[in-house]
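For the single chain, residues carry numbers from 1 onward in sequence order. Heavy atoms only: backbone and side chains are in, while hydrogens, waters and symmetry mates are out. None of the values given here were measured: they were computed from a predicted structure.
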Amino acid sequence: MKLILGLGNPGKQYERTRHNVGWWVLDHLADVWHLGGWKSEGQAQSTHGLVGNVKVRLVKPQTFMNLSGAVLASHLKRPFWSPKTDLLVISDDVALPVGTFRLRPQGSAGGHNGLKSVEHHVGHRDYARLRVGIQPVDPERRIGDLADYVLSPFGKMEREEILALMPKFTDVAELWLRDGIVAAMNAHNGNTC
């Protein structure tokens, strides 16, 4: 089974924040793929089903961001499941402008506490990630305190730019499910605006 992990924080007050963009993508995928309702599963909300002939599970950790990786524990014990081929993590990235995204087959957490937690629980950096840009496009806009920035809501124009990317995220996820991260990268990296 392929697992797509969207990073975010639980609670109504965080729903519209930049840090929860991973959950926005999962909500979109669940809708497009007609996966049904979200159900509680340990420390996560999940939904699952078939996309083509591939079994997929979408997971939203219900812990706070810095503990997100803990939801992978049961999957890591499965005999034929590997984070290198069966895990895609979707997170926000303050180093990328709003309206852009980047795919990678591995790499550092780049200061992102959710990715640090995933890396800690997986035990390595070899898992696919889709990083969604949340940096302001306006060069005059200052981020200020990073924690305050990522926990603040998108402006209307920024939100529209994120929502406009959802069809691309669907294609990215479907390519990853079918052909792996390299195929998804070849099709989408460098073509994100």
Side-chain angles (χ1 to χ4, degrees), residues 1-10 20-93 101-110 112-132 165-189:
M1 174 175 286
K2 301 284 187 178
L3 190 148
I4 303 178
L5 178 66
L7 300 184
N9 285 310
N20 275 41
V21 76
W23 286 16
W24 294 16
V25 177
L26 289 192
D27 286 336
H28 173 77
L29 294 176
D31 185 50
V32 169
W33 294 339
H34 308 290
L35 296 184
W38 294 92
K39 296 184 173 90
S40 291
E41 181 182 270
Q43 294 183 316
Q45 291 282 312
S46 71
T47 185
H48 65 278
L50 287 174
V51 178
N53 62 353
V54 179
K55 290 181 183 178
V56 65
R57 179 177 303 275
L58 306 182
V59 178
K60 296 180 192 177
Q62 296 299 295
T63 59
F64 285 97
M65 186 67 75
N66 61 337
L67 302 173
S68 297
V71 300
L72 296 171
S74 64
H75 294 278
L76 292 166
K77 293 175 186 173
R78 294 180 181 184
F80 300 106
W81 191 86
S82 169
K84 188 170 184 172
T85 55
D86 300 324
L87 175 64
L88 174 63
V89 178
I90 304 174
S91 70
D92 60 288
D93 191 327
F101 61 93
R102 184 173 296 140
L103 291 156
R104 291 285 184 258
Q106 76 263 338
S108 76
H112 193 288
N113 288 332
L115 293 175
K116 286 179 186 176
S117 178
V118 170
E119 182 180 318
H120 170 76
H121 287 276
V122 168
H124 54 77
R125 297 176 172 181
D126 295 333
Y127 60 89
R129 71 269 329 260
L130 167 60
R131 297 178 117 170
V132 181
L165 290 173
M166 292 300 172
K168 284 188 180 187
F169 295 151
T170 302
D171 191 50
V172 164
E174 290 175 357
L175 269 170
W176 173 76
L177 288 171
R178 189 176 59 246
D179 300 323
I181 189 63
V182 173
M185 286 169 51
N186 288 341
H188 288 282
N189 278 352

Contact between [X] and [Y] at the side-chain level, heavy atoms closer than 4.5 Å - yes or no?
{"X": "Leu177", "Y": "Leu88", "answer": "no"}
{"X": "Val71", "Y": "Lys60", "answer": "no"}
{"X": "Leu29", "Y": "Thr170", "answer": "yes"}
{"X": "Gln45", "Y": "Gln62", "answer": "yes"}
{"X": "Val182", "Y": "Pro105", "answer": "no"}
{"X": "His112", "Y": "Leu7", "answer": "yes"}

(request) May I ask you to check whether over 12 heavy atoms, not counting those of Glu174, lie within 6.0 Å of atom CD? (result) yes
(request) Determine whether more than 12 heavy atoms belonging to other residues, nucleotides or ligands lie under 6.0 Å from atom NE2 of His48. (result) no
Separation between [atom1] of [X] and [atom2] of [Y], rounded to the nearest 0.5 Å:
{"X": "Asp92", "Y": "Leu130", "atom1": "CG", "atom2": "CG", "result": "11.0 Å"}
{"X": "Glu119", "Y": "His124", "atom1": "CD", "atom2": "NE2", "result": "9.5 Å"}
{"X": "Trp81", "Y": "Leu87", "atom1": "CH2", "atom2": "CG", "result": "4.5 Å"}
{"X": "Ser46", "Y": "Ile4", "atom1": "OG", "atom2": "CD1", "result": "12.5 Å"}
{"X": "Leu175", "Y": "Leu103", "atom1": "CG", "atom2": "CG", "result": "9.5 Å"}
{"X": "Ser91", "Y": "Asn20", "atom1": "OG", "atom2": "CG", "result": "12.0 Å"}

Minimum heavy-atom separation for [X] to [Y], with atom names?
{"X": "Lys2", "Y": "Thr85", "answer": "NZ-O, 2.7 Å"}
{"X": "Gly6", "Y": "Pro61", "answer": "O-CD, 3.2 Å"}
{"X": "Met166", "Y": "His28", "answer": "O-NE2, 3.3 Å"}
{"X": "Glu41", "Y": "Arg57", "answer": "OE1-NH1, 2.8 Å"}
{"X": "Ile181", "Y": "Trp176", "answer": "N-CD1, 3.6 Å"}
{"X": "Ala173", "Y": "Trp33", "answer": "CB-CH2, 3.7 Å"}

(message) Given the ring of Tyr127, does Arg129 sit roughly above its face, with NZ or CZ under 6.0 Å from the centre of the six-membered ring and within 45° of the axis?
(response) yes
(request) Let me see the working for Arg102 and Asn189 under side chain to side chain contact (heavy atoms under 4.5 Å, CB included), right down to the final yes or no. (result) CA-CA 6 Å; Arg102 184 173 296 140; Asn189 278 352; 4.3 Å; yes
(message) Please evaluate residues Ser117 and Met65 with respect to the criterion side chain to side chain contact (heavy atoms under 4.5 Å, CB included), reporting the C-alpha separation (whole Å), side-chain torsions for both, the decisive distance (0.1 Å), and the verdict.
(response) CA-CA 8 Å; Ser117 178; Met65 186 67 75; over 6 Å; no
(request) Scan Leu76, Leu72, Asp126, Leu3 and name whichever one has a side-chain contact (heavy atoms from CB on, under 4.5 Å) with Pro83. (result) Leu76
(message) Please check this pair: side chain of Trp38 against backbone of Thr47, looking for a donor-acceptor N/O pair closer than 3.5 Å.
(response) no
(message) When you measure from the side chain of Asp31 to the backbone of Asp27, do you find a donor-acceptor pair of N or O atoms at a distance under 3.5 Å?
(response) no
(message) Go through it in stages, so that I can follow the logic: the residues are Arg131 and Leu115, the test is side chain to side chain contact (heavy atoms under 4.5 Å, CB included), and I'd like the CA-CA distance, side-chain angles, deciding distance and then a yes or no.
(response) CA-CA 10 Å; Arg131 297 178 117 170; Leu115 293 175; 3.0 Å; yes
(request) Over 60° means perpendicular and under 30° means parallel, so classify the ring planes of Phe101 and Phe169, tilted if in between. (result) perpendicular
